[in-house]
Structures are given as structure tokens and as C-alpha cells.
Amino acid sequence: MTTSAKPAKMNVELCLVERNPLAQEFLRNILRGKTRLEIFSLEAQSRKRFSENEGHCRYVFVIDGDNFQTRLPRYLELLGHDFPQAKRIVLDFELPDDEICSLLDRGVDGFVPYPRVRETLPRAVRAVADGHLWVPPRVLEHYVSYVQKLSHGKRNLHEELSPREREIQELLQNKLSNKEISSTLGISESTVKFHLLRIFQKLGIHDRHALWENRSELTA
């Protein structure tokens with residue numbers, strides 16, 4: 001009988017997007033010993049370093065949302081463009097479910113409110129790095145009605161897909177199952193289902209069969 005060796009577990013490298021030195025040290029103390037941690041800026045040199053290590057590390061950006069306030073959506077958009085494979089966790093004050101859903105809609109993988117940072121951030125980082133979403137279960141349930149509400153409002157159903165959504169769209173068009181997509185991308189099946197919901201809403205379709213039928217039109 002032959003056995004296959006387990007692949008080496010990839011390092012998780014954290015990128016703290018925090019401007020306050022005291023807050024940086026607070027987060028360092030929480031995460032010290034839990035995972036590999038390094039703070040670096042999003043300058044050209046850091047982008048180059050990220051590109052070189054992308055196949056060897058899983059990057060998780062921990063973002064203090066209060067640093068950006070109304071500019072957070074734009075920052076998330078730029079971050080997703082420059083670091084499409086990285087995971088993102090936002091720290092902020094307690095937010096209504098609709099606002100957490102809005103963060104998920106912008107590609108955020110986890111949300112941790114300030115009062116629970118000390119007790120839950122290390123677990124959130126590990127879960128997100130392993131391909132899971134870190135939000136309360138009720139928020140995922142609420143997201144279904146959230147996207148439906150947006151689809152009847154001002155939401156543009158043909159808005160641009162995120163880099164991750166385009167990856168999943170391509171795999172779907174090759175008729176891979178949710179389990180196969182999960183294995184290919186290293187994310188959980190529940191996360192795949194979550195992304196599928198966003199893809200279908202953005203493309204104005206209801207299921208994967210419509211994606212196959214309209215493949216040439218949707219990829220034009």
C-alpha cells in the first residue's frame with residue numbers, strides 16, 4: 001500500500017493595516033505566537049515582495065476600518081485589485097447586519113468588532129486563511145435577502161466581478177462541481193456557495209445552467 005505525503009502547510013502572514021502605533025502593538029500582542037506576523041506598507045517594494053512569496057504564504061490583511069471611515073469601500077476596491085489572492089478581515093465598531101453584508105459584498109472575508117478582537121481575532125485569522133468566512137451565521141442568512149433587495153433597487157446586476165469571482169466563474173464554465181472548485185481554490189464549499197450567490201446576482205442569472213447556456217455572452 002502506498003501513501004501520499006501531505007502537502008506542507010503554508011505559512012500565514014498577516015499584514016496589519018493600522019496607523020496607530022499603540023493599536024499596532026496591541027494587535028501584535030494578541031497574535032504573537034499564534035501565527036507568523038509582519039507589518040508592512042502597501043508600497044511598490046511590498047507589492048513585489050508579496051508577488052514573490054504568493055505561492056509560499058497565505059496573506060491575511062487585518063484592516064482597522066476606523067482608519068478609513070467613509071473611504072473604506074474605495075480602499076477595499078484598491079486592495080482587491082492589487083492583492084486579489086489575499087484574504088481580508090475588517091475590525092470596526094459593532095455594525096448592523098446590512099453593513100456587514102455590504103463588506104462581504106466588497107470581498108471582505110471576515111469581520112471582528114472591537115470588543116471581541118482579543119478573544120476572536122486569532123481564530124478569525126486562521127479560519128479566513130483556511131478559506132472560511134468569519135461572520136455570524138445570521139449574517140450569511142441575512143445576505144440572501146440583502147442581495148435580493150439590492151437587485152430590485154439601484155444595484156447593477158452586470159457590475160464587474162471581483163478577481164476571486166472571475167476565477168470561480170471560469171471554473172463553473174468548465175462545469176466543475178462546488179466540491180471541485182473548493183479543492184482547486186483551497187476554500188470551503190460554504191465559501192464557494194457564498195461566492196456563487198454573488199456571481200449569479202451580478203450577472204443577473206439564477207443558476208449555473210444559465211451560465212453554461214450564455215457562456216459566450218457572459219465572457220465577452
Side-chain angles (χ1 to χ4, degrees), residues 6-17 27 30-31 33-37 50 53-65 76 79-80 83-92 94-95 97-147 161-172 176-202 208:
K6 292 184 179 180
K9 198 164 187 178
M10 296 177 72
N11 288 324
V12 175
E13 187 156 334
L14 279 171
C15 314
L16 300 186
V17 184
L27 293 173
I30 291 174
L31 295 161
K34 304 293 184 180
T35 186
R36 183 179 175 187
L37 170 63
F50 178 92
N53 290 329
E54 191 171 6
H56 310 287
C57 292
R58 287 177 291 183
Y59 283 82
V60 178
F61 283 77
V62 176
I63 305 159
D64 186 348
L76 292 172
L79 191 63
F83 304 95
Q85 301 302 319
K87 305 295 185 179
R88 281 151 281 180
I89 296 175
V90 170
L91 314 179
D92 212 327
E94 295 277 3
L95 296 177
D97 288 355
D98 270 0
E99 291 190 35
I100 300 176
C101 286
S102 178
L103 291 175
L104 294 174
D105 205 41
R106 296 179 185 279
V108 169
D109 302 279
F111 173 76
V112 178
Y114 291 142
R116 291 198 282 277
V117 164
R118 184 186 296 276
E119 61 181 285
T120 64
L121 183 56
R123 287 186 290 139
V125 168
R126 178 57 60 185
V128 165
D130 287 342
H132 302 283
L133 294 171
W134 186 272
V135 293
R138 72 171 192 280
V139 173
L140 293 180
E141 295 176 4
H142 182 67
Y143 188 76
V144 176
S145 60
Y146 171 84
V147 293
L161 299 180
S162 69
R164 173 63 85 189
E165 289 164 352
R166 287 197 177 279
E167 283 184 308
I168 293 176
Q169 179 194 16
E170 182 177 347
L171 295 174
L172 271 180
L176 270 67
S177 67
N178 288 2
K179 185 175 183 179
E180 290 169 328
I181 294 173
S182 169
S183 176
T184 300
L185 298 180
I187 59 179
S188 68
E189 286 190 60
S190 62
T191 302
V192 172
K193 293 177 183 178
F194 177 80
H195 283 301
L196 289 181
L197 176 62
R198 294 202 298 202
I199 291 169
F200 296 158
Q201 288 290 334
K202 288 182 177 182
R208 67 183 66 213

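- Residues Ile63 and Arg88 form a side-chain contact, since some pair of their non-hydrogen atoms from C-beta on lies under 4.5 Å apart.
- When every heavy atom of Ala129 is checked against every heavy atom of Arg58, the shortest pair comes out as O-NH1, 3.2 Å.
- Applying the side-chain contact (heavy atoms from CB on, under 4.5 Å) test between Leu176 and each of Ile168, Ile181, Val192 identifies Ile181 as the sole match.
- The main-chain N or O of Gly131 is found under 3.5 Å from a side-chain atom of Thr191 such that the two form a donor-acceptor pair.
- Arg123 has its side chain out of reach of Arg126: every pair of non-hydrogen atoms, C-beta onward, lies at least 4.5 Å apart.
- Between Tyr59 and Phe83, the ring center distance fails the sub-6.0 Å criterion.
- Asp109 and Ala86 make their closest contact through OD2-O, 4.3 Å (heavy atoms, listed as atom of the first residue, atom of the second, distance).
- Among residues two or more places apart in sequence or in another chain, the salt bridge (charged side-chain N to carboxylate O under 4.0 Å, His left out) test is passed with Glu167 by Arg164.
- Scanning both residues, Val128 and Lys87, for their nearest heavy atoms gives CG1-CB, 3.1 Å.
- By the 4.5 Å heavy-atom criterion applied to side chains, Leu196 and Asn178 are counted as neighbours.
- Not counting sequence neighbours, the partners of Arg116 by the salt bridge (charged side-chain N to carboxylate O under 4.0 Å, His left out) test are Glu94.
- Of the residues Val108, Val112, Val125, the one that meets the side-chain contact (heavy atoms from CB on, under 4.5 Å) test with Trp134 is Val112.
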